[in-house]
Amino acid sequence: MPSHQTVIILDFGGQYSQLIARRVRECGVYCELLPCTADLNQIQARRPIGIILTGGPHSVYEANAPRIAPEILSWGVPVLGICYGCQLMAFLLNARVNPAADASAREYGKTITRFERNNLLFQNLPESGITWMSHGDYIETIPEGFEIIARSDTCPAAAICDQTRNLYGVQFHPEVNHTEHGNDILRDFLFHICGASGDWSMSDYKSVKIRELRETIGDGKVLLALSGGVDSAVAAALLAEAVGEQLTCVFVDHGLLRMNEGEEVEQAFQKWNIHFRRVNARRRFLMWLEGVTDPEEKRKIIGKQFIRVFEEESKRLGSMDFLAQGTIYPDVIESGAGLGNAAVIKSHHNVGGLPDVIDFREILEPLRMLFKDEVRVLGRELGLPENIVNRQPFPGPGLAIRVIGKVTKRKLDILRLADAIFREELEKNHVDASQYFAVLTNLRSVGVMGDGRTYDYAIALRAVSTSDFMTADWVRIPYHVLERVSARIVNEVPNVNRVLYDITSKPPATIEYE
């Protein structure tokens, strides 16, 4: 049983499910995201003060649509249904939910919504505001005992509630930034309806997770896959505090790192009171990647070889019991290994890329349910320096997924230098970006250099701004900075005659190319 108040979020495979969890945690309320198929005893064991039903891609009236046991709505625990969750609540309570009769009755995007403020959910809201809608079905009749508390021009029941039973539903998404006062709605649900006290913090997460790690590991030995990035560094610090010298950190230099990164990682961790081993596996990874062009195959090869290297190191070190990784929640979601019915976007080497059989008793992923910004907060709680906590994100498969097509040493050397120039210029000019890097495309084009014809590669530049890495916008880099970067790359990097800048947000793109 948790030592703090808990809200349970039941996931129906919605694209914003993880964002709901993040918003709840930002309010200082602990929450757990469980699949909508979670056993009732599993839910009750957590003694939730509230339950949130997420959105989802299905229609509630479909034969195979995901549902919950109707008795959840009669427990007396406050429930908030969002989008599909709202429609499901109405459907289970014998209301009619139907598809919109025509396209004009469907709602997608920003919508003016009018609120009734005589209820606890909207009491602090203005009479109207913008909400983010994303639904093609609508609630035609509301359940007995409910009232309509919000409307839009095309949706007669944009929100409903039965205050007596503490059941609330909204057709829009309060968790996204596009919804005005969305955080206020969630806070009102948590604090005024569920009675939350805001008793959870990252400091609390740290102490609970350290205790759990000690109980799980016992006197066993742990091998940590240390990449030098934020996630694995924070995982290392957390494990070091939990089990101390039982932890060995292995840094695999696979030859897919950025300029001078191997040396920087080794130097950064010399002062830590941990066992540190650097393994040179450059030839091994290049051999396995030879001729491979499919990005998913690249990721799976890298994931498999990572595990094999760790297994070999484990045997050299003498029987390691646990393999630890810095997996975070966006990795889980994008790999389709999360909760609900989320689609696979790409396999991460430390999630979807793992082989079926591994030579460890268990895999430890202490950051698995944290978002990137939460990982950074935890790092500060653990006393990590800012240059580690704010380290530029870097994918586990490294430059292999930033070289489009076949991976060769020559291509990696080209990309390493172009990437170093781009990062150097952005940092020198104090460009505010969450992540920025270069990509060696598989595009070759004609150019003119020194009065001669060239036929060389194009480098693509990517810079995004984001808080959670689930959504991201491209950064408006000043033209004079882009001009400087382009000039330096084509003059200093061999076999490159063209530089492109990617202005695509996430979604529809991902942050990485592969």
Asker: Could Arg284 and Glu312 be called an ion pair, given the rule that one side-chain N must be under 4.0 Å from one carboxylate O?
Answerer: yes
Asker: Run the salt-bridge test on Glu313 and Arg308 with the 4.0 Å N-O cut-off and return the result as yes or no.
Answerer: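 Looking at Glu313 and Arg308, the cut-off is not met.
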Asker: Kindly give the heavy-atom pair with the smallest separation between Leu226 and Phe276, and that separation in Å.
Answerer: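 Distance-wise, the nearest heavy atoms are CD2-CE1, 3.6 Å.
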Asker: Please confirm whether the backbone N or O of Val29 pairs with a side-chain atom of Trp200, one donor and one acceptor, at under 3.5 Å?
Answerer: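 Not confirmed, Trp200 side chain does not pair with Val29 backbone.
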Asker: Do Phe306 and Phe285 have ring centroids that are under 6.0 Å from one another?
Answerer: yes
Asker: Output yes when a side-chain donor or acceptor of Ser17 lies under 3.5 Å from a complementary backbone atom of Gly14, and no otherwise.
Answerer: yes
Asker: Can you pull out every side chain to side chain donor-acceptor pair (under 3.5 Å) where at least one residue sits in residues 411-422? Sequence neighbours excluded, please.
Answerer: Lys409-Asp413, Asp413-Arg416, Asp419-Arg423
Asker: Do Phe394 and Phe437 have side-chain heavy atoms sitting under 4.5 Å apart?
Answerer: no
Asker: Val446 versus Arg453: any side-chain heavy-atom pair under 4.5 Å?
Answerer: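 Yes; the side chains approach each other to less than 4.5 Å.
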Asker: How far apart are the closest heavy atoms of Cys86 and Val170, and which atoms are they?
Answerer: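 Scanning both residues, the minimum pair turns out to be CB-O, 3.4 Å.
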Asker: Please assess Glu381 against Arg376 for the test salt bridge (Lys or Arg N to Asp or Glu O under 4.0 Å), listing each intermediate value before the final yes or no.
Answerer: CA-CA 9 Å; Glu381 287 284 341; Arg376 297 188 195 279; over 6 Å; no
Asker: Are the side chain of Thr113 and the backbone of Ile130 linked by a donor-acceptor contact shorter than 3.5 Å?
Answerer: no
Asker: For the residue pair Ala418 and Ala438, what are the closest heavy atoms and their distance?
Answerer: C-CB, 4.2 Å
Asker: Tell me, please, which residues at least two apart from Arg488 pass side chain to side chain donor-acceptor pair (under 3.5 Å).
Answerer: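 Glu424, Glu425, Glu492.
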Asker: Is the Lys NZ or Arg CZ of Arg277 less than 6.0 Å from the centre of Phe251's six-membered ring, within 45° of the axis?
Answerer: no
Asker: Just jot down the side chain to side chain donor-acceptor pair (under 3.5 Å) partners of Thr454, sequence neighbours excluded, or say none.
Answerer: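 Result, side chain to side chain donor-acceptor pair (under 3.5 Å) vs Thr454: Asn497.
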Asker: Cut-off 3.5 Å, side chains only: do Tyr84 and Asp137 have a donor facing an acceptor?
Answerer: no
Asker: For Arg380, which residues count as a side chain to side chain donor-acceptor pair (under 3.5 Å) partner, sequence neighbours excluded?
Answerer: Glu386, Asn390
Asker: Does a side-chain N-to-carboxylate-O contact under 4.0 Å join Asp321 and Lys221?
Answerer: no
Asker: Looking at Ser505 and Pro507, would you say the former's side chain and the latter's main chain have a donor-acceptor pair under 3.5 Å?
Answerer: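 Checked: no pair found.
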Asker: Listing request: all side chain to side chain donor-acceptor pair (under 3.5 Å) pairs with a residue in residues 440-449, at least two apart in sequence or in separate chains.
Answerer: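 Of all non-adjacent pairs touching residues 440-449, those that pass side chain to side chain donor-acceptor pair (under 3.5 Å) are Ser445-Arg498.
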Asker: So, Asp473 and Arg476, do they make that salt bridge, N to O below 4.0 Å?
Answerer: yes
Asker: Would a 4.5 Å heavy-atom cut-off, applied to side chains only, mark Leu500 and Ile459 as touching?
Answerer: no
Asker: Mind checking side chain to side chain donor-acceptor pair (under 3.5 Å) for Arg25 and listing every partner two or more places apart, or none if nothing turns up?
Answerer: Glu374
